[in-house]
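The sequence lines fix the lettering, A, B, ..., with proteins before strands; numbering per chain opens at 1. Just so it is clear, the model here is predicted, and its values are computed rather than measured.
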Amino acid sequence: MNTDSTNESHAAYDFAYVQEKWLPVWDRVQPFKSGRPEDPRPKKYVLDMFPYPSGDLHMGHAEAYALGDVIARYWIQKGFNVMHPIAWDAFGLPAENAAIKRNEDPKIWTYENIAVQKASMRRFACSFDWDRVFNTCDPEYYKWNQWLFLQLHERGLAYRKDSAVNWCPGCQTVLANEQVVAGLCERCDTAVTKKKLNQWYFKITDYADRLLDDMADLEGKWPEKVLMMQRNWIGRSTGANVSFVIENRAEPVTVYTTRPDTLFGATFMVVAADSELASELALGSGVEEEFAQYCEKIRADSDIDRLATDRPKTGIFLNRFAINPVNGAKLPIWASDYVLADYGTGAIMAVPAHDQRDLDFARAMKLPVTVVVETGEEDPNSTGVATVGDGVLVNSGALNGMNKADAIAAINSQLEKDGLGKSARNYRLRDWLVSRQRYWGTPIPIIHCPACGEVPVPTDQLPLTLPNAEGLDLKPKGTSPLGAATDWVNVKCPKCGVEAKRDTDTMDTFVDSSWYYLRYPSSTNHSEPFSKKDLQTWLPVDQYVGGVTHAILHLLYSRFFTKVLNDMGMLDFKEPFTRLLNQGMVVMDGSAMSKSRGNLVRLSDELEHHGVDAIRLSMVFAGPPEDDVDWSDVSPSGSVKFLSRAWRLSGDVTSAPGVDFSKGELSLRRVTHKALHDADFAVESFRFNVAVARVMELVNATRKAIDSGAGPADPAVREAVEAIAIMLSLVAPFTAEEMWERLGHQPAVALAGWPVVDPALLVADAVTAVVQINGKIKDRIDVSPTISDAELEASALALPAIVEALSGATISKIITRAPKIVNIVINS
RNA sequence: GCCCCGAUAGCCCAAUGGCAGAGGCAGAGGACUUAAAAUCCUCCCAGUGUGGGUUCGACCCCCACUCGGGGCACCA
């Protein structure tokens, strides 16, 4: 061992020693404590998506928290009072499954993991404000989940209904629509089935328009991709509801269509086979038997079958007829599974000529196809391809000759006048199913009374805590384990006092995360979930950082909650997260890391080998934050090398702290100020990799200045190395702190402040202008940065190489952009 | 099938419509050394996926296509 920590200038950089050295110092200095009274700095709320305590931190956490930290630390250096909190999203199935396996209370596993993660975050030097921590599984937190549930219930936004719901046979619980991905359970990839159940819902559909329209405020501040995904998910469509008279039925049937202009082309009607309407129409039609068989057959089909793209159309003619309101045509009514019972009215008018699905059905069932829009495409009758473009209306009575837009307007107003229909909107978004048949979640605070019905648990009895897990069988069996806790379940009705039962379901854990960002400022408030004063100080979140996996789950639900709370007068903003950054994933050799794939990289190993700073730096420098980091492309040892180079500089500086930088050598000063300016701009625009590159450039230039330029005593060298330490403090806090000390300063470098850039130093004293002929570079000249267009043009034309190249040519035009370029256009 | 995003050196990635290269990885050579490691210095490499267009000038804007990634998927 040749390491000698007393011989500072030549000792090797020892990251392990430096890490151990600074943690206790930071614990004492507390550079990241937010919300001290009378703090005059303007606020910034930087938020990382809180983790689920599934074990120790992994590579993905390391990336996410490294990025969030760069932003938080940057704003602190820029003089803001930054709140950068953390908590744990601690309810959920993995804990429950682990508990079943280990035969113990899920809270043991959960709190153990939280302790492990918390210790790792401290070692990883996350700039969190540790005074605001909470866990969603703490009764003190979920008490407010229950309180909010009751607020929604009171407003009719939390309600129960019977419906065919998504059921995951693996998790043995129901799922919200958002939690079913391509027919599979988002959590365990089991094929989801349908089950008819009575469940709790939040009425997010009431907010569909506002969730959609308020996205205008997020434009340019959230990734376009997330906005697009939410738009698609909400799926607003505009069209018309049209009512059709049904033979031998008193009530007409209303259908929803986005193409009322094609009404004359409707040749049959289709109702969802699993709808009540279909059953009713089948009754007495003489085809009851076949209809029942058909329903039986489609019930056996899973979601996966339904999703198959080339699935042939099937259906049953119900032996009934509807009358087309515009031309009196008799339309046969069919039942099929290609029409969805829970979208629109569960019934459609089929226009096979201009809708591919209807055409496929018509061809399968030998039903007529009538073209009513002349689009110039080939006849769907012969091609089997529906024509969906704009065109001229034909075979459509008064609409003949109109284009699509005019025809829609005309038919809508005609239908409205005749009382046969009106324009309408529909959404793909469904209400949020929030009840779950599992133990480790927030109990739903409702008591079912045989006399009074749904009775809220009185708020002074909150939190309604989970019954003790001991003695309960947590194994999934399709109904909530809470049902077996008889002492807990059986209560007196708070209203009338008769024997009643508690609701035994627990809430979707996405409820917990839909408002947690409001809790941080008031995390110790015992009388309300959050105080208006705290919200006014800190909210909305200025910068949210997290994975794109939550694009339409957590981020949509949180926006919904914010709008509900806004309506309740509890907050005065409409959107919770002003800016959003989605970091990519950490992958290995192009695919997600997993034990089974054998490409798992352990964070603890990487930290052991290369140190915290080098891993943080590698994550940040690997590429743009939103791109995936392929660990096989990353060189942590390269990061270690760079950090050593930077660290070594701090031992070479021989001038004293406080020396007058303005006396320093000019060329290095220019590089320093340019680096500060560019890094600043890069961080603001999330190009952290570019910011790091600027620091590397400055390190190289400073090395050169020390070895073969201004020399170690020049004030410019100190200025440069101090700037390096400050910029590096965003990414490599241990190294930066160590450098700061070697430069003769007190901790913490995190609070040193971003050096003020001198604009005069950003202007070089000479720049190279390019002289082109017809866009091709012919020569270069060094000129003053303040040269005028005319001067530059004259100098360019005087250059011998240009004179020669221009001989015999006619100049038709000269474009000059001083001080960068002259382009001479000639006719050859 | 529909929608969105991307494609720059062996690799990861930079370039307000104005010199294609900032930074790094890998590679080659050299200095230091008894030697190696570490360190320092120097160098090599593409004309920006393809084909058109706009422009004095295009990695950048427009059109078509190829490939890759992502989202939605009978929502009428």
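For the C1' atoms, the distance from C44(B) to G57(B) is 30 Å, rounded to whole Å. For the P atoms, the distance from C61(B) to G18(B) is 12 Å, rounded to whole Å. Atom name C1', nucleotides C2(B) and C11(B): the rounded distance is 35 Å, in whole Å. Distance noted for atom P between A58(B) and G49(B): 15 Å (whole Å). Between A31(B) and A36(B), the distance separating the two C1' atoms is 15 Å to the nearest Å. Nucleotides G27(B) and A37(B), compared at atom P, are 13 Å apart to the nearest Å. Atom name C1', nucleotides C25(B) and C19(B): the rounded distance is 26 Å, in whole Å. Here, G68(B) and C63(B) have their P atoms 23 Å apart, quoted to the whole Å.
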Could you write out each protein N or O paired with an N or O of nucleotides 38-44 of chain B at a distance under 3.5 Å?
from	atom 1	to	atom 2	distance (Å)
U39(B)	O3'	R648(A)	NH1	3.2
C40(B)	OP1	R645(A)	NH1	2.4

Can you name the atoms? Protein N/O to nucleotides 15-19 of chain B N/O, anything below 3.5 Å, with the distance.
from	atom 1	to	atom 2	distance (Å)
A15(B)	OP1	R687(A)	NE	3.2
A15(B)	OP1	R687(A)	NH2	2.7
G18(B)	N2	Q772(A)	OE1	3.4
G18(B)	N2	N823(A)	ND2	3.3
C19(B)	O2	R780(A)	NE	2.8
C19(B)	O2	R780(A)	NH2	2.8

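In this structure, A31(B) and U39(B) make a Watson-Crick or G-U wobble pair, each of the two defining distances being under 3.5 angstrom. Pairing of G47(B), defined by two Watson-Crick or G-U wobble distances under 3.5 Å, is not identified with any nucleotide. With a 3.5 Å ceiling on both atom-pair distances, C19(B) lacks any Watson-Crick or G-U wobble partner. Searching all strands for a Watson-Crick or G-U wobble partner of C72(B) with both distances below 3.5 Å returns G1(B). Both distances falling under 3.5 Å, in either a Watson-Crick or a G-U wobble arrangement, place C67(B) opposite G6(B). In this structure C59(B) sits in no base pair that meets the Watson-Crick or G-U test at under 3.5 Å.
As rounded to whole Å, 11 Å separates atom P of A73(B) from atom CG of L340(A). One can place CD1 of I408(A) at 12 Å from P of A76(B), the figure rounded to the nearest angstrom. When the P atom of C11(B) is taken as reference, atom CG of D633(A) falls 10 Å away, rounded to whole Å. Atom-to-atom, CD1 of I773(A) to C1' of G57(B) comes out at 14 Å; the value is rounded to the nearest Å. Across the protein-nucleic acid pair, N774(A) atom CG and U55(B) atom C1' stand 13 Å apart, rounded to whole Å. The separation between N232(A) atom CG and C5(B) atom C1' is 14 Å, rounded to whole Å. Protein atom CG of D589(A) is 14 Å distant from nucleotide atom C1' of C12(B), rounded to whole Å. Between E697(A) atom CD and A14(B) atom C1' the separation is 10 Å, expressed in whole Å.
Between the side chains of Y338(A) and T314(A), no donor-acceptor pair is found at a separation under 3.5 Å. Side-chain atoms of D782(A) and T768(A) include a donor-acceptor pair closer than 3.5 Å. Using modelled atom types and a 3.5 Å distance limit, the side chains of Q230(A) and W222(A) yield no donor-acceptor pair. Under 3.5 Å, the side chains of T816(A) and E793(A) contain a donor-acceptor pair of N or O atoms. Looking only at atom types and distance, the side chain of T387(A) has a donor-acceptor partner in the side chain of H354(A) under 3.5 Å away. In the model, K422(A) has no side-chain atom that pairs as donor or acceptor with a side-chain atom of N412(A) under 3.5 Å. Side-chain N/O atoms of R645(A) and N700(A) include a donor and acceptor closer than 3.5 Å.
G68(B) takes the anti form, because its glycosidic angle lies more than 90° either side of 0.
The M696(A) side chain lies nearest to G24(B) when the options are G24(B), A76(B), C13(B). In this structure, the nucleotide among C13(B), C3(B), A76(B) sitting nearest to the side chain of M228(A) is C3(B). In this structure, of G23(B), C72(B), C13(B), it is C13(B) that holds the atom nearest to the side chain of D627(A).
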Apply side chain to side chain donor-acceptor pair (under 3.5 Å) to S685(A) and R687(A), showing your working. CA-CA 6 Å; S685(A) 46; R687(A) 285 145 57 246; 2.9 Å; yes
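Put simply, N689(A) has no side-chain N or O that comes within less than 4.0 Å of OP1 or OP2 on G23(B). A close approach under 4.0 Å does not occur between any side-chain nitrogen or oxygen of Y338(A) and OP1 or OP2 of A76(B). At C5(B), none of the side-chain N or O atoms of K225(A) fall inside 4.0 Å of OP1 or OP2 (strictly under the cut-off). OP1 and OP2 of C11(B) both lie 4.0 Å or more from every side-chain N or O belonging to S632(A).
Counting non-hydrogen atoms under 4.0 angstrom, R430(A) reaches a base of the nucleic acid. Base engagement by F621(A) is indicated by at least one non-hydrogen atom pair under 4.0 Å involving a base atom.
Considering only heavy atoms from C-beta on, V771(A) stays 4.5 Å or farther from R780(A) through its side chain.
Both tests hold for R742(A) against W647(A): distance to the six-membered ring centre under 6.0 Å, angle to the ring axis within 45°.
Where G623(A) and R259(A) each meet RNA chain B at their nearest nucleotide, the meeting point lying more 5' is that of G623(A). In terms of position on RNA chain B, the residue among P624(A) and K813(A) whose nearest nucleotide sits closer to the 5' end is P624(A).
In this structure, the ring of F621(A) has its center no less than 6.0 angstrom from the ring center of F688(A).
The two atoms that bring A551(A) and M229(A) nearest to each other are CB-CE, 3.6 Å, heavy atoms only.
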